[in-house]
Structure formats: structure tokens, C-alpha cells
Undergrad: 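Mind looking over this structure? Questions follow.
Numbers here are sequence positions counted from 1. No hydrogens, no waters, no symmetry mates; every other heavy atom, side chains included, goes into these values.
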Amino acid sequence: MNVLLLYPEFPDTFWSYKHALKFVDKRAVLPPLGLVTIASMFPKDWSARLIDMNVETLDHTDLDWAEAVFISAMIVQRPSAVEVMARCRAKGVRIIAGGPLFTESPESFPDADHLVLNEAELTLPYFLDDLKQGNPKRIYKSALFATMSQSPVPRWELLNLNHYVGMSVQYSRGCPFQCDFCNVTSLLGHRVRTKSSSQIIAELDALYDLGWRDEIFFVDDNFIGNKKILKQDLLPALIRWRKKKECINFYTEASINLADDPELMALMIEAGFVRVFIGIETPQIENLVECGKMQNKHRNLINDVKKIQCAGLEVQAGFIVGFDNEKEDFSQKQIEFIQKSGIITAMVGILQAIPGTRLYDRLKKEGRIMKDDCSGDNGDGSTNIIPKMDINDLRKGYNHILQSIYSHDLFYKRIKILFRQLNPPPKKRKFQLVHLKACFLSVYLFGVISPYRWKYWNLMLWTLFNRPGLLREALTHSICGYHFRQIYNNYIKESNASKRTPTRAQKATETSAS
């Protein structure tokens with residue numbers, strides 16, 4: 001069988017980094033890990049191709065070649081997924097769909113011939129067996145969770161690695177915490193399941209043998225969910241592996257209690273981790289209690305962030321506004337926290353209720369769900385809930401946060417705050433010609449023609465004299481800041497006011513506020 005693996009396009013969001021990618025001649029940040037993983041489960045006599053629509057276009061000849069299309073997507077990819085499924089349907093190609101988008105709301109996708117839901121290690125073999133027998137069912141799902149030893153080494157050779165900034169691997173699934181807005185536990189459970197270190201090393205070796213030498217993202221929703229096995233098995237194995245290979249840096253996601261474990265942070269640094277994304281959400285205790293994020297309660301979050309930074313890990317973070325207990329000064333509180341923490345990459349979104357979460361179920365009972373689906377983009381200014389705060393006041397405050405934290409003034413100040421306490425500096429990476437291009441392009445755009453060029457040069461000169469080892473990171477952050485401002489200016493500020501406000505009066509109010 002000729003099988004086409006399809007990954008729909010991401011919209012232009014904070015997470016896409018589309019405006020930054022052109023500086024380094026890349027087309028996407030990360031590859032579709034799920035698709036290259038399930039490709040390893042296919043029968044050996046199948047011929048597989050992969051089209052990542054974030055790096056290449058889907059041509060009609062691709063659909064002419066394919067006898068079946070496997071499509072996987074996250075919620076934020078819904079518009080592209082619906083469009084591409086309609087194209088497949090028009091061509092008469094069999095559609096097999098899976099992944100978070102389809103698992104959360106399978107009833108919303110009548111165009112799919114077959115829905116292989118939940119974890120593919122459990123459901124895909126049953127579909128493949130039935131397909132071989134000629135009687136496949138429409139829906140395959142499981143209430144069980146897979147053993148991670150069942151997960152194969154992804155087929156990286158299906159990708160053009162040159163298109164991506166980073167590669168990704170998965171070490172664990174599941175999260176022990178109870179955040180009511182998060183769908184990770186509804187999809188993957190609370191019990192943390194891990195791969196063995198030998199599995200991870202096999203995946204890293206496969207990437208290395210294909211010539212990969214850049215960063216690798218551990219996509220775990222909480223990398224430190226099982227600290228004991230992490231410290232005893234994986235991190236020592238990574239340390240040994242990196243001594244034999246060229247210097248490859250890692251980054252991941254974790255919970256704030258990482259700050260409580262100096263030994264773990266030291267091991268992560270030695271293993272090559274340079275940054276970590278943490279869900280901070282809000283500095284307001286009432287909001288943390290409301291959403292069940294008790295692991296962030298009774299902590300000095302600013303001090304915790306600084307502990308992690310001082311250990312040598314840059315902290316990126318997610319923030320949410322729009323909780324029921326939100327106060328009138330919520331926007332200023334968020335801005336002050338982000339500035340004091342030195343978190344340069346601060347992703348702020350309005351609360352959304354994802355089907356399958358405890359938040360969704362609660363608000364559904366209260367009659368506060370405006371529509372069943374949500375955008376899945378925590379930075380597009382939309383929400384599918386009726387907040388207790390006036391929606392116009394909420395959006396006004398949200399816009400104020402973004403306009404402030406990504407302004408040249410506050411953004412460059414946060415870089416200095418981080419650099420003052422980041423210790424030791426990140427390990428050196430291999431220099432490439434594309435880095436020289438990025439340097440010249442950033443200097444021209446930000447240091448020559450920009451009306452804010454004096455702020456840019458102030459940062460570069462300060463870094464050169466105070467933290468010269470971080471000069472490359474200063475350039476990288478300046479490029480990312482450009483992307484964030486473009487997203488705000490081109491989408492949040494304009495589209496949020498013109499497209500997502502139901503009345504002309506609200507539109508006029510929001511445009512004035514912006």
C-alpha cells in the first residue's frame with residue numbers, strides 16, 4: 001500500500017516562530033514526531049511518504065499516488081486539518097485520522113473513514129490487522145495506557161532534516177498533577193510512564209547517524225514527573241552519550257518543583273539541557289487554587305525561577321489570564337511578575353476550556369461554554385468560555401500585557417535580567433554559515449533601520465562587556481522578540497479587534513483600547 005502521512009499547517013502564532021525562521025533559513029521549528037513514530041509500526045511492504053505542510057505544499061500528485069492518508073493534528077491545526085481532509089475526500093483517498101485533535105472530539109470529523117484514537121501503540125495494531133482482513137472498523141480507541149517500551153524508534157529518514165530548527169524525542173507520558181484546564185491527563189493519564197535510557201539513546205543515535213547536530217527537544221509535558229528514574233537512568237546515560245558525540249543541546253518542559261532539587265538541575269546541565277519551559281500560569285494564589293495547580297501554591301515563584309536560572313537553565317513559561325478570580329489589576333500583576341523573573345519567552349494566553357478537561361465539564365454545567373471547540377492557540381486572544389470578568393476588560397488587559405512585555409524596552413530589559421543570573425552560560429554550539437547570515441540580518445533590521453536601534457545596541461554592548469559568552473543568545477532573543485512583536489501587531493492587535501468581537505460597539509471599544 002502507498003501511504004501518505006500528512007501533518008496539517010500551524011497558524012501564525014507565538015509558537016510557530018515563522019517570523020524568526022527566515023533568519024536561519026528554516027521552515028518549521030519541530031517535525032511531526034507522532035507521524036514518524038507510527039510510520040515505524042507500518043507493515044514492511046508499505047511504501048510511506050510524509051508531507052509536513054509547514055515545510056512543503058501538498059500537491060495533487062501526492063494524493064494521486066496515495067492509497068491511504070494518515071493524518072495527525074493538534075487542536076490548533078483544526079482549520080488546516082479540515083481543509084486537507086476535504087481534499088482527500090474529493091480525491092476518494094481513504095482517510096485515517098488520529099492524534100489529540102481527533103481523540104478529543106471524534107464526532108466532529110465525519111470525513112474521516114477511520115479514527116485511530118488514544119495511544120497508537122495500543123490501537124493502531126488492531127486497525128492494521130482488521131485492514132489486512134478487509135473489514136476495518138471506523139473507530140478504534142482504548143481506555144488503557146501504553147507501556148513506553150512498545151514505542152519504536154521514529155523513521156527520521158522520512159523527513160528533510162534541513163527544514164527544521166530542532167528535532168524532538170519523547171521520554172515519558174503522563175503527569176502527576178491536577179490542573180483542571182490541561183488535557184494532558186485526560187489524554188495520557190496521571191501515572192508517569194517512561195522509556196528506558198537504551199530506547200532514548202537508540203533514538204538519539206538514529207538522529208546523529210543521519211547527520212543531526214543541532215538542538216533536540218524532549219517533548220514530555222513534564223520531563224521530571226518521575227525524578228527517581230530520571231536521575232538514576234536517563235540523565236547518566238545522556239551524560240555518557242554526550243561525551244562520545246559532538247555537543248548537542250537539549251531542552252524540555254517541567255514543573256516548578258524542579259527548583260527544589262539542586263542535584264537534578266546539576267545532572268540536567270551536565271547532560272546538556274540549556275532551557276526548560278514551565279507552566280507558571282499566574283502569580284495570584286486564588287487563581288492557582290481555582291484551577292487546581294496546587295504545585296505552584298505556597299511558593300515564592302520568582303525565587304524558584306531564579307534558582308533554576310542560576311543553576312544554568314533558561315526558564316521559558318506559560319501564563320494564563322481570564323480565571324474567575326481575576327482582579328482588575330491582573331494585567332499589571334502579570335507584567336510585573338514577568339519582568340522581575342527575567343523570563344524572556346513568556347507565552348500569555350486567555351483561558352480556554354478544552355473538551356475532556358475538568359474545566360470544560362464544570363463550565364458546561366454552568367452554561368458558560370460559548371462553543372464546544374476552542375482554537376487551541378494560547379496566544380490568539382480568543383476564548384470559548386464566558387468569563388466572569390467583562391470580556392472587553394479582559395481583552396483590554398490581555399492586549400496591555402502583550403503590548404508591554406514584548407515592547408523593545410521591557411523585552412531587552414528582561415534579557416539583561418536573565419543574563420545577570422544565568423550561570424553557567426550555555427555550552428557552545430557548532431558554528432554554521434547560516435548563523436552569520438542571521439547575525440548580519442538582525443544587525444541590519446534591528447541595529448540600522450529600526451527606530452529602536454539604540455535599545456538594540458545598548459543590549460549588545462552591555463552583553464559584550466558583561467556576559468560575552470552569551471552574545472549569541474542575545475542575538476537569538478532579539479530575533480525571537482521580533483517574531484513576538486510581529487504576531488502581536490499583525491494578529492492580536494488587529495485581528496482580535498476586527499474578527500473576534502461580535503458587535504460594532506465592542507469593535508470600536510477594543511480598537512481604541514489597543
Side-chain angles (χ1 to χ4, degrees), residues 10 13-15 30 32-34 37 72-78 98-106 117-123 141-148 150-151 168-195 217-227 229-230 251-258 276-282 287-288 290-297 316-320 323 347-363 373-379 384-385:
F10 280 92
T13 73
F14 285 130
W15 292 104
L30 294 168
L33 178 60
T37 301
S72 177
M74 293 186 281
I75 295 173
V76 72
Q77 295 166 279
R78 178 190 294 269
L101 171 63
F102 303 99
T103 297
E104 292 289 12
S105 52
L117 308 177
N118 304 109
E119 296 183 70
E121 292 89 350
L122 296 178
T123 54
K141 58 183 179 179
S142 175
L144 302 176
F145 297 111
T147 301
M148 293 297 283
Q150 299 173 260
S151 190
S168 50
V169 298
Q170 184 182 53
Y171 167 62
S172 67
R173 294 178 192 162
C175 179
F177 298 119
Q178 303 279 349
C179 310
D180 74 348
F181 56 82
C182 182
N183 66 338
V184 168
T185 51
S186 64
L187 289 171
L188 302 173
H190 288 287
R191 185 174 66 86
V192 178
R193 297 159 286 138
T194 64
K195 292 179 181 177
F217 177 39
F218 278 78
V219 302
D220 307 33
D221 295 288
N222 190 353
F223 183 68
I224 65 168
N226 188 326
K227 292 183 179 181
I229 194 170
L230 187 63
Y251 61 108
T252 190
E253 303 179 35
S255 45
I256 192 65
N257 58 316
L258 173 62
V276 59
F277 182 93
I278 294 175
I280 291 178
E281 322 313 351
T282 172
N287 293 342
L288 294 172
E290 174 191 329
C291 69
K293 203 172 184 78
M294 307 308 290
Q295 67 271 25
N296 284 26
K297 187 185 174 187
Q316 301 176 331
F319 297 88
I320 297 175
F323 293 105
M347 304 295 197
V348 187
I350 296 180
L351 183 66
Q352 298 187 11
I354 303 173
T357 62
R358 291 189 294 116
L359 174 67
Y360 182 90
D361 293 340
R362 174 173 68 84
L363 295 181
D373 63 330
C374 60
S375 71
D377 178 3
N378 74 337
N384 64 333
I385 71 176

Undergrad: Could you go through Leu351 and Leu359, starting from their C-alpha distance and side-chain angles, then the distance that decides it, and tell me whether this counts as side chain to side chain contact (heavy atoms under 4.5 Å, CB included)?
TA: CA-CA 10 Å; Leu351 183 66; Leu359 174 67; 3.8 Å; yes
Undergrad: Find out whether Thr357 and Phe181 are in side-chain contact, i.e. whether some heavy atom of one side chain is under 4.5 Å from a heavy atom of the other.
TA: no
Undergrad: Got a donor-acceptor contact below 3.5 angstrom from the Arg78 side chain to the Gly376 backbone?
TA: no
Undergrad: For Ser168 and Leu30, work out which heavy atoms get closest and say how close.
TA: CB-CD2, 4.3 Å
Undergrad: Side chains of Ser375 and Gln352: is there a donor and an acceptor less than 3.5 Å apart?
TA: yes
Undergrad: Of all heavy-atom pairs between Leu122 and Phe145, which one has the smallest distance, and what is that distance?
TA: CD1-C, 3.7 Å
Undergrad: Could you go through the side chain to side chain contact (heavy atoms under 4.5 Å, CB included) check for Phe323 and Glu290 one step at a time?
TA: CA-CA 8 Å; Phe323 293 105; Glu290 174 191 329; 3.5 Å; yes
Undergrad: Which pair of non-hydrogen atoms, one from Phe177 and one from Asn257, has the smallest distance, and what is that distance?
TA: CZ-OD1, 4.2 Å
Undergrad: Would you name the heavy atoms of Asn296 and Gly279 that are closest together and state the gap between them?
TA: ND2-O, 3.2 Å
Undergrad: Roughly how far, to the nearest 0.5 Å, is the CZ atom of Arg193 from the CG atom of Leu188?
TA: 6.0 Å
Undergrad: Side chains of Leu33 and Val169, heavy atoms from C-beta outward: is any pair under 4.5 Å?
TA: no
Undergrad: Please report the closest heavy-atom contact between Ala353 and Cys374, naming both atoms and the distance.
TA: O-SG, 4.0 Å
Undergrad: Shortest non-hydrogen contact from Asn118 to Thr103?
TA: N-OG1, 3.2 Å
Undergrad: Could you measure the distance from the OG1 atom of Thr185 to the CZ atom of Arg358? Nearest 0.5 Å is fine.
TA: 7.5 Å
Undergrad: Please tell me if the side chains of Glu119 and Arg173 come closer than 4.5 Å, counting only heavy atoms from C-beta onward.
TA: yes
Undergrad: Checking Asn183 against Glu104: is there a side-chain donor and acceptor pair closer than 3.5 Å?
TA: yes
Undergrad: Any chance NZ of Lys227 has more than 12 other-residue heavy atoms, nucleotides or ligands included, within less than 6.0 Å?
TA: yes
Undergrad: Quick check: do Ile75 and Ile354 have side-chain heavy atoms less than 4.5 Å from each other?
TA: yes
Undergrad: With respect to Phe218, which candidate in Phe223, Phe277, Tyr251 satisfies the ring pair (Phe, Tyr, Trp, His ring centres under 6.0 Å) definition?
TA: Phe223
Undergrad: Return the CD to CD1 distance between Glu281 and Ile256, rounded to the nearest 0.5 Å.
TA: 10.5 Å
Undergrad: Go through Asn222 and Ser255 one step at a time and tell me if the side-chain hydrogen bond (donor to acceptor under 3.5 Å, both in side chains) criterion holds.
TA: CA-CA 6 Å; Asn222 190 353; Ser255 45; 3.2 Å; yes
Undergrad: Could you tell me whether the side chain of Leu230 reaches within less than 4.5 Å of the side chain of Tyr171, counting heavy atoms only?
TA: yes
Undergrad: Less than 4.5 Å apart, any side-chain heavy atom of Leu101 and any of Met74?
TA: no
Undergrad: For Asp220 and Ser172, indicate whether the former's side chain and the latter's backbone hold a donor-acceptor pair under 3.5 Å.
TA: yes
Undergrad: Check whether any side-chain heavy atom of Gln170 sits under 4.5 Å from a side-chain heavy atom of Met148, and report yes or no.
TA: yes
Undergrad: Does one side chain, of Glu121 or Ser151, offer a donor that lies under 3.5 Å from an acceptor on the other?
TA: yes
Undergrad: Report yes if the side chains of Gln178 and His190 come closer than 4.5 Å at any heavy-atom pair, otherwise no.
TA: yes
